[in-house]
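The basis for the numbers below is simple: all heavy atoms, side chains too, and nothing from hydrogens, waters or symmetry mates.
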Amino acid sequence: MYRKMFALALIIMVVAGCGAKPAAQDSAQGTDQTAPVSTVINPVSANANGSNIGGNPAVPLASGQEPAAAAFNVKEHVIYSGPRSEKKVALTFDDGPDAKFTNQILDILKKEQVVATFFVTGEHASAHKDVMKRIVENGHEVGNHSWDHQDLTKMDEQQLKDEIDKTDAVIQGFTGRPSTLLRPPYGAISKQVVDHAESNHKLIFWSVDTRDWQGYTSEKIMETFKKELKPGAIILQHSAGGKNGNLSNTVKALPQLIHYLKEHGYEMVTVSNLAP
């Protein structure tokens with residue numbers, strides 16, 4: 001009898017349990033499931049087979065999210081120097097022309113029979129026409145340094161176009177040909193700047209910064225210049241502005257700088273001749 005009662009109790013327990021849901025399944029009902037994810041490899045560091053050796057960890061993206069575009073690489077669009085195989089350099093002068101320091105620089109260049117590249121602002125070029133004429137007549141190259149030395153990366157497309165195109169027009173009025181060189185103020189650059197400029201300009205930066213604009217003494221300028229000098233160098237100086245509007249340090253250092261280059265077998269050429 002006891003066996004019959006035990007068997008009956010067992011049957012009742014089995015039947016009662018058949019309609020129950022597992023606890024784990026109950027907890028999932030009524031809630032959003034975890035969205036499927038896709039994985040994108042950092043495009044800068046991924047190798048050919050999609051692995052991520054030496055780069056950032058793979059980043060999970062929510063379903064439907066598009067992978068980010070590859071990082072914008074400034075170095076692919078900018079010229080910092082010419083070939084290292086020849087002892088040639090380019091002297092460049094920014095922010096002019098003005099009525100004082102640019103003329104003093106031109107006097108030195110003429111005496112030393114050296115050419116240079118002047119990156120001018122449209123505003124100053126329009127205001128100092130006689131100095132601009134002298135730059136061109138003395139055989140120097142002229143590049144675009146924007147209209148009024150604003151940060152081009154902070155402009156919308158139309159403002160950017162105006163800054164560059166207006167200055168190009170002024171330069172062409174003196175040289176008779178369009179400008180093909182652009183040096184963005186502050187070295188500030190973005191994809192929008194590149195997209196607009198590269199249609200008809202080379203973007204020119206520098207490999208030697210004399211820091212004359214900081215008010216460095218002529219001795220400090222020479223020290224910095226010698227430390228950074230290499231064949232193919234593009235040397236940054238200024239022909240207007242400077243700390244407290246004073247570039248007497250640049251004027252004082254320039255003959256020393258030119259003599260040093262000559263003594264060490266360097267030829268001074270325009271940017272276009274250095275990096276055609």
Side-chain angles (χ1 to χ4, degrees), residues 69-82 89-98 101-102 105 116-128 132 135 140-175 177-214 224 228 232-243 245 247 250 270-276:
F72 175 66
N73 189 348
V74 171
K75 292 183 178 181
E76 293 178 355
H77 302 276
V78 170
I79 296 173
Y80 294 92
S81 63
V89 299
L91 302 179
T92 67
F93 297 90
D94 285 8
D95 297 356
D98 69 0
F101 295 111
T102 306
I105 289 167
T117 301
F118 287 82
F119 286 94
V120 303
T121 65
E123 188 175 51
H124 286 170
S126 298
H128 302 288
M132 275 296 296
I135 290 173
H140 302 296
E141 185 172 40
V142 181
N144 189 322
H145 198 43
S146 82
W147 179 258
D148 55 358
H149 209 275
Q150 298 298 312
D151 185 341
L152 301 181
T153 66
K154 296 181 179 179
M155 298 181 178
D156 63 33
E157 190 172 352
Q158 186 59 51
Q159 291 172 325
L160 173 62
K161 185 178 186 302
D162 290 344
E163 280 281 324
I164 296 175
D165 294 357
K166 282 171 57 181
T167 305
D168 275 349
V170 170
I171 292 172
Q172 185 167 1
F174 290 100
T175 64
R177 56 186 180 274
S179 172
T180 59
L181 307 178
L182 173 68
R183 177 175 281 168
Y186 314 108
I189 195 169
S190 65
K191 188 176 185 303
Q192 179 175 264
V193 173
V194 168
D195 288 344
H196 181 78
E198 280 191 331
S199 59
N200 49 17
H201 297 85
K202 293 179 181 177
L203 288 160
I204 308 298
F205 277 32
W206 55 89
S207 59
V208 176
D209 184 355
T210 62
R211 296 165 181 81
D212 58 340
W213 57 274
Q214 285 185 279
T224 303
E228 298 180 3
I234 296 177
I235 302 165
L236 173 63
Q237 300 166 93
H238 293 76
S239 64
K243 189 172 183 179
L247 284 173
T250 304
T270 63
V271 167
S272 291
N273 285 330
L274 182 69

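Atom CD of Gln150 and atom CG of Asp148 lie 4.5 Å apart (nearest 0.5 Å). For the atom pair Ile135 CD1 and Thr102 OG1, the distance stands at 6.0 Å (nearest 0.5 Å). Considering CD of Glu157 and CD of Gln192, their distance stands at 5.5 Å, rounded to 0.5 Å. Here the straight-line distance linking atom CE of Met132 with atom CZ of Phe118 works out to 10.0 Å at 0.5 Å rounding. The OG atom of Ser146 sits 12.0 Å away from atom CG of Asp162, with the distance rounded to the nearest 0.5 Å. The structure places NE2 of His145 at 7.5 Å from OG1 of Thr121, a figure rounded to the nearest 0.5 Å.
Of the possible donor and acceptor atoms, none in the side chain of Ser239 sits under 3.5 Å from a partner among the backbone N and O of Phe93. The backbone N or O of Pro276 lies less than 3.5 Å from a partner atom in the side chain of Lys202, making a donor-acceptor pair. Counting only distance, with no hydrogens or angles, the side chain of Thr270 and the backbone of Ala116 share no donor-acceptor pair below 3.5 Å. A donor-acceptor pair is defined here as one N or O able to donate and one able to accept, closer than 3.5 Å; no such pair exists between the side chain of Gln214 and the backbone of Lys243. Of the possible polar contacts, one joining the Thr92 side chain to the Ile235 backbone as a donor-acceptor pair under 3.5 Å is found. A donor-acceptor contact shorter than 3.5 Å links the side chain of Asn144 to the backbone of Ile164. When atom types are taken as modelled, the side chain of Ser207 and the backbone of Ile234 share a donor-acceptor pair closer than 3.5 angstrom. At least one donor-acceptor pair closer than 3.5 Å links the side chain of Glu163 to the backbone N or O of Trp147. Judged purely by atom type and a 3.5 angstrom limit, Asp212 uses its side chain to pair as donor or acceptor with the backbone of His238. Side chain of Gln172 to backbone of Ala169: no donor-acceptor contact under 3.5 angstrom is found.
Under 4.0 Å is where a charged nitrogen must lie from a carboxylate oxygen, and between Asp165 and Lys161 at least one such pair does. Look at Lys191 and Glu198 and you find no salt bridge, because none of the NZ, NE, NH1 or NH2 atoms lies under 4.0 Å from a carboxylate O.
Within the 4.5 Å cutoff, side-chain heavy atoms of Asp168 are placed close to those of His201. A 4.5 Å side-chain heavy-atom check between Thr117 and His140 finds every atom pair outside the cut-off. In this structure the side chain of Thr180 never reaches within 4.5 angstrom of the side chain of Asn200, judged on heavy atoms. When side chains are defined from C-beta on, Val193 does not count as touching Met155, because their heavy atoms never get closer than 4.5 Å. Between Val208 and Leu236 there is no side-chain heavy-atom pair separated by less than 4.5 Å. Within the 4.5 Å cutoff, the side chain of Val194 has heavy atoms near those of the Leu203 side chain.
Looking at every heavy atom in both residues, Val142 comes nearest to Ser179 through O-OG, 3.9 Å. Across all non-hydrogen atoms, the minimal contact from Pro184 to Phe205 is CD-CE1, 3.7 Å. A pairwise comparison of heavy atoms in Gly143 and Ile171 identifies O-CD1, 3.7 Å as the closest pair. Taking every heavy atom of both residues into account, Gly241 and Leu247 meet most closely at O-CG, 3.6 Å. Nearest heavy-atom pair, Val170 versus Gly122, reported as atom, atom and distance to 0.1 Å: CG1-O, 4.3 Å. Taking all atoms of both residues into account, the shortest heavy-atom contact from Ala125 to Val120 is CB-CG2, 4.3 Å.
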message = Apply side chain to side chain contact (heavy atoms under 4.5 Å, CB included) to residues Leu274 and Ile79 and explain how you reach the verdict.
response = CA-CA 11 Å; Leu274 182 69; Ile79 296 173; over 6 Å; no
ask   = When you look at Leu91 and Gln237, which way does the side chain to side chain contact (heavy atoms under 4.5 Å, CB included) test go after all the steps?
value = CA-CA 8 Å; Leu91 302 179; Gln237 300 166 93; 3.9 Å; yes
inquiry  = Go through it in stages, so that I can follow the logic: the residues are Arg183 and Ile204, the test is side chain to side chain contact (heavy atoms under 4.5 Å, CB included), and I'd like the CA-CA distance, side-chain angles, deciding distance and then a yes or no.
reply    = CA-CA 5 Å; Arg183 177 175 281 168; Ile204 308 298; 3.9 Å; yes
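Checked against the 6.0 Å centroid threshold, Tyr186 and His149 count as a close aromatic pair.
Remark: Trp206 CH2 is packed, more than 12 non-hydrogen atoms of other residues, nucleotides or ligands lying under 6.0 Å away.
Asp95 and His124 are not linked by any side-chain donor-acceptor pair at a separation below 3.5 angstrom, with hydrogens and angles left out of the test. A donor-acceptor contact under 3.5 angstrom links the side chains of Ser272 and Glu141, judged on distance only.
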